[in-house]
Asker: 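Below you will find the structure I want to go over with you.
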Amino acid sequence: MVFFCVGFSINAQNPIFTHLYTADPSARVFNDTLFVYPSHDRDSATWWDMEDWHVFSTVDMVNWTDHGVALSLNDLSWAEKYAWAPDCGYRDDKYYFYYPTDQDYIGVAVSDKPTGPFIDPLNRPMISRETPGVSAKRDLIDPCVFTDDDGKSYLFFGQYDVCAVELNDDMVSFKDSAQVIEGCDKFFEAVWVHKHKGRYYISYSGGGKIQYAMSDNLYGPYEFKGPILDRVNSGTNHHSIVEYKGKWYFFYHNADLAIKNIPADSEAFKYKKWRRSVCVEYLYYNPDGTIQMIHQTKEGVSVPPKQ
Ligand code: FUB
């Protein structure tokens with residue numbers, strides 16, 4: 001695997017990465033730096049046939065660094081296709097990259113650095129359709145790793161049902177069997193879990209929008225609240241929510257970069273839904289803890305941040 005680092009400076013704008021197509025952004029903060037772990041849509045994609053994962057970072061939300069390929073399907077002995085939506089967690093000076101492949105498996109890879117390169121320590125999937133308790137009504141995809149205030153980590157994933165396992169301290173195995181989380185009305189895919197002022201939020205793609213629900217317990221049951229992001233122009237809708245330097249951010253993807261790059265009268269224009277681009281907006285809570293609707297902008301976020 002080749003490791004390289006490209007630094008580039010841009011004004012605040014959406015999409016935030018313009019030199020390659022990206023989707024499914026999982027945003028994480030490690031050591032005062034914000035990292036984005038997205039999928040990487042191929043330039044000539046005509047389906048979701050992605051092959052590798054890049055990692056991006058920023059310290060100011062405007063200037064981003066692409067750290068290159070952090071993991072590729074070629075690095076995995078057991079996976080064949082579809083390098084879809086990943087996420088990254090941390091424990092004891094190591095970074096754990098969780099990723100779906102083949103629409104059937106969730107794997108894990110480990111690195112000493114948040115930018116990788118990541119190495120598969122298991123030489124097999126971590127979770128499959130045979131994992132006890134897993135509900136795999138269709139695809140087994142979209143892992144989200146959540147670490148609670150007590151240091152315990154959990155992996156959420158799934159399509160049509162939200163599944164969860166509690167991870168062991170090694171972060172590459174889990175306790176007992178998977179559980180299905182109740183109360184995620186309209187759930188389709190792309191689960192994301194975060195905590196704000198002691199309450200748990202589970203947000204996800206459903207009905208073409210990003211929906212969310214709240215609970216006082218991580219494993220629910222959750223109370224459905226409704227949409228926070230309307231439909232996007234790429235068909236698939238996938239997001240993450242993160243706090244960074246005192247502000248809350250909402251990452252998502254759309255097809256704006258492809259719409260800009262590909263002539264509308266060309267044959268290739270019909271493939272824009274598979275050439276997606278990551279965007280970011282501010283996220284605001286109401287006093288009662290509910291989340292305000294996100295507005296998709298071309299400007300994105302700025303430095304210094306809006307108050
Ligand atoms: O990027 C491939 C798939 O599209 C993801 O796994 C889903 O969440 C959707 O965004």
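Values in this document were obtained by computation on a predicted structure and should not be read as measured data. As a basis for the values below, the full set of heavy atoms in this structure was taken, side chains included, without hydrogen atoms, waters or symmetry mates. Position 1 is the first residue of the sequence, and the numbers go up from there. Order of appearance sets the numbers: ligands from 1, and atoms from 1 within every ligand.
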Asker: Side chains of residues 263-270: which donor-acceptor pairs under 3.5 Å do they make with residues two or more places apart or in other chains?
Answerer:
unit_1	atom_1	unit_2	atom_2	d
Ser266	OG	Pro263	O	2.7
Glu267	OE2	Lys270	NZ	2.6

Asker: I'd like a table of the close N/O pairs between ligand 1 and the protein (anything under 3.5 Å), one pair per line with both atom names and the distance.
Answerer:
unit_1	atom_1	unit_2	atom_2	d
ligand 1	1 (O)	Asp24	OD2	2.5
ligand 1	1 (O)	Arg276	NH1	3.2
ligand 1	1 (O)	Arg276	NH2	2.8
ligand 1	4 (O)	Arg276	NH1	3.3
ligand 1	6 (O)	Asp142	OD1	2.6
ligand 1	8 (O)	Asp142	OD1	3.4
ligand 1	8 (O)	Asp142	OD2	2.8
ligand 1	8 (O)	His238	ND1	2.6
ligand 1	10 (O)	Asp24	OD1	2.6
ligand 1	10 (O)	Arg276	NH1	3.4

Asker: Check each of Phe250, Trp192, Tyr252 against Ile210 using the side chain to side chain contact (heavy atoms under 4.5 Å, CB included) test, and report the only one that passes.
Answerer: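 Considering Phe250, Trp192, Tyr252, a side chain to side chain contact (heavy atoms under 4.5 Å, CB included) with Ile210 is found only for Phe250.
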
Asker: Please list, chain by chain and in numerical order, all residues satisfying side chain to side chain contact (heavy atoms under 4.5 Å, CB included) with Arg129, sequence neighbours excluded.
Answerer: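 Once residues adjacent in sequence are excluded, the partners of Arg129 under the side chain to side chain contact (heavy atoms under 4.5 Å, CB included) criterion are Asp104, Ala136, Leu140.
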
Asker: Salt-bridged, Lys245 to Asp32, with N to O below 4.0 Å?
Answerer: no

Asker: What residues form a salt bridge (Lys or Arg N to Asp or Glu O under 4.0 Å) with Asp170, not counting sequence neighbours?
Answerer: none

Asker: Roughly how far, to the nearest 0.5 Å, is CE of Met214 from CD of Glu223?
Answerer: 8.0 Å

